[in-house]
Amino acid sequence: MKKVLIINGPNLNRLGLREPGIYGHETLQTLEQHVKAFGEKQQIEIECVQSNHEGVLIDHIHAADTTFDGIVMNPGAFTHYSYAIRDAIASISIPVIEVHISNVHAREEFRHHSVTAPVTAGQIVGLGLQGYELGILALLKLKEGES
């Protein structure tokens, strides 16, 4: 069975409370339950982690390289300035799909640039929580292409 790691960065533990007009009313727990159920339908084991701490996220990225087939990651605000997370993604051999719940390109100017996107296999923005499902499907297609 394939394994995918879902990584959520800073403030995503506040889903459902934080700016619901932008991020919706669903909680992180609901998101995690949803992607795990979606993974079961696709015969993929899904593991979810969330942290507000850059180093913890980097440790998960490094560890995933030998235990997962890919990562779907919402780096949160780290998207825009964390060269350390960018370098962690670049250092692993499994694909990473960057996901953002909101359309970052339609928001504040500082959100328009991602330092992590250039080292990912792709980026999905503005499709809400469905972006995570699409990220999982994209990883499946990438793995099929390797076979």
**Student:** Quick one: pull up CD in Q42 and CG in L137 and give me the separation to the nearest 0.5 Å.
**Tutor:**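 Nearest 0.5 Å value for the CD-CG distance: 5.5 Å.
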
**Student:** Taking all atoms of both residues into account, what is the closest heavy-atom pair of I46 and G39, and its distance?
**Tutor:** CG1-CA, 3.8 Å

**Student:** Using the rule that two of Ile, Leu, Val, Met, Phe, Trp, Tyr join whenever any of their side-chain heavy atoms come within less than 4.5 Å, decide whether L31 and V4 are in one cluster.
**Tutor:**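 Both belong to a single hydrophobic cluster.
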
**Student:** Can you list the residues that meet the ring pair (Phe, Tyr, Trp, His ring centres under 6.0 Å) rule with Y83, with sequence neighbours excluded?
**Tutor:** none

**Student:** Would you tell me whether N52 and E54 have side-chain atoms, one donor and one acceptor, within less than 3.5 Å of each other?
**Tutor:** no

**Student:** Show your reasoning for whether side-chain contact (heavy atoms from CB on, under 4.5 Å) applies to I136 and I6.
**Tutor:** CA-CA 9 Å; I136 293 166; I6 307 293; 4.2 Å; yes

**Student:** What's the shortest heavy-atom distance between A121 and P95, and which atoms?
**Tutor:**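 Scanning both residues, the minimum pair turns out to be CB-CB, 4.2 Å.
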
**Student:** Atom NZ in K36, atom CD in E45: separation rounded to 0.5 Å?
**Tutor:**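 Rounded to the nearest 0.5 Å, the NZ-CD separation comes out at 9.5 Å.
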
**Student:** Please examine the side chains of L12 and I101, heavy atoms only from C-beta on, and report whether any two atoms are closer than 4.5 Å.
**Tutor:** yes

**Student:** Do the side chain of S82 and the main chain of T79 share a donor and acceptor less than 3.5 angstrom apart?
**Tutor:**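 It does not hold such a pair.
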
**Student:** Consider only side-chain heavy atoms of I, L, V, M, F, W and Y, link residues closer than 4.5 Å, and tell whether I44 and F68 are in one cluster.
**Tutor:** no

**Student:** Just verifying a value: how many Å separate E26 CD and Q33 CD, rounded to the nearest 0.5 Å?
**Tutor:**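 Between atom CD of E26 and atom CD of Q33 there are 10.0 Å.
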
**Student:** Restricting to non-hydrogen atoms, name the atom on A90 and the atom on V119 that form the minimum distance, rounded to 0.1 Å.
**Tutor:** CB-CG1, 3.9 Å

**Student:** Of all heavy-atom pairs between Q50 and G9, which one has the smallest distance, and what is that distance?
**Tutor:**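 That closest heavy-atom pairing would be NE2-O, 3.0 Å.
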
**Student:** Look only at the side chain of D69 and the backbone of K3, and say whether a donor-acceptor pair between them is shorter than 3.5 Å.
**Tutor:**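 Here the side-chain-to-backbone pair exists.
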
**Student:** Nearest 0.5 Å, please: how far is CG in L28 from CG in N11?
**Tutor:** 11.5 Å

**Student:** Determine the minimum heavy-atom distance between V35 and C48, stating which atoms define it.
**Tutor:**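 Closest approach of V35 to C48: CG2-SG, 3.8 Å.
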
**Student:** Pick out which of Q123, R86, H80 makes a side-chain contact (heavy atoms from CB on, under 4.5 Å) with T116.
**Tutor:** R86

**Student:** To the nearest 0.5 Å, how far apart are CG in L134 and CD1 in I97?
**Tutor:**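 Reported value, rounded in 0.5 Å steps: 10.0 Å.
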
**Student:** Is there a continuous path of hydrophobic side-chain contacts, each under 4.5 Å between heavy atoms, that joins I7 to V125?
**Tutor:**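 In one cluster with I7: V125, no.
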
**Student:** Just by distance, do the side chain of E98 and the backbone of G122 share a donor-acceptor pair under 3.5 Å?
**Tutor:** no

**Student:** Who are the salt bridge (charged side-chain N to carboxylate O under 4.0 Å, His left out) partners of K141, not counting sequence neighbours?
**Tutor:** E144

**Student:** Is V49 reachable from F38 through a run of I, L, V, M, F, W or Y residues, each pair having side-chain heavy atoms under 4.5 Å apart?
**Tutor:**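 In one cluster: no.
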
**Student:** So, using ring pair (Phe, Tyr, Trp, His ring centres under 6.0 Å) as the criterion, who are the partners of F78 when residues are at least two apart?
**Tutor:** Y81

**Student:** Is atom CD of Q29 surrounded by more than 12 heavy atoms (other residues, nucleotides or ligands) closer than 6.0 Å?
**Tutor:** no

**Student:** Taking a hydrophobic cluster as the set of Ile, Leu, Val, Met, Phe, Trp and Tyr residues connected by side-chain heavy atoms closer than 4.5 Å, whether directly or through intermediates, do I92 and V72 fall within one such cluster?
**Tutor:** no

**Student:** CE/M73 to NE2/H100 distance, rounded to the nearest 0.5 angstrom?
**Tutor:**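 Spacing of CE (M73) from NE2 (H100) equals 9.5 Å.
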
**Student:** If you take all heavy atoms of I85 and I61, which pair is closest and at what distance?
**Tutor:**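 Where I85 meets I61 most closely, the heavy atoms are CG2-CD1, 4.0 Å.
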
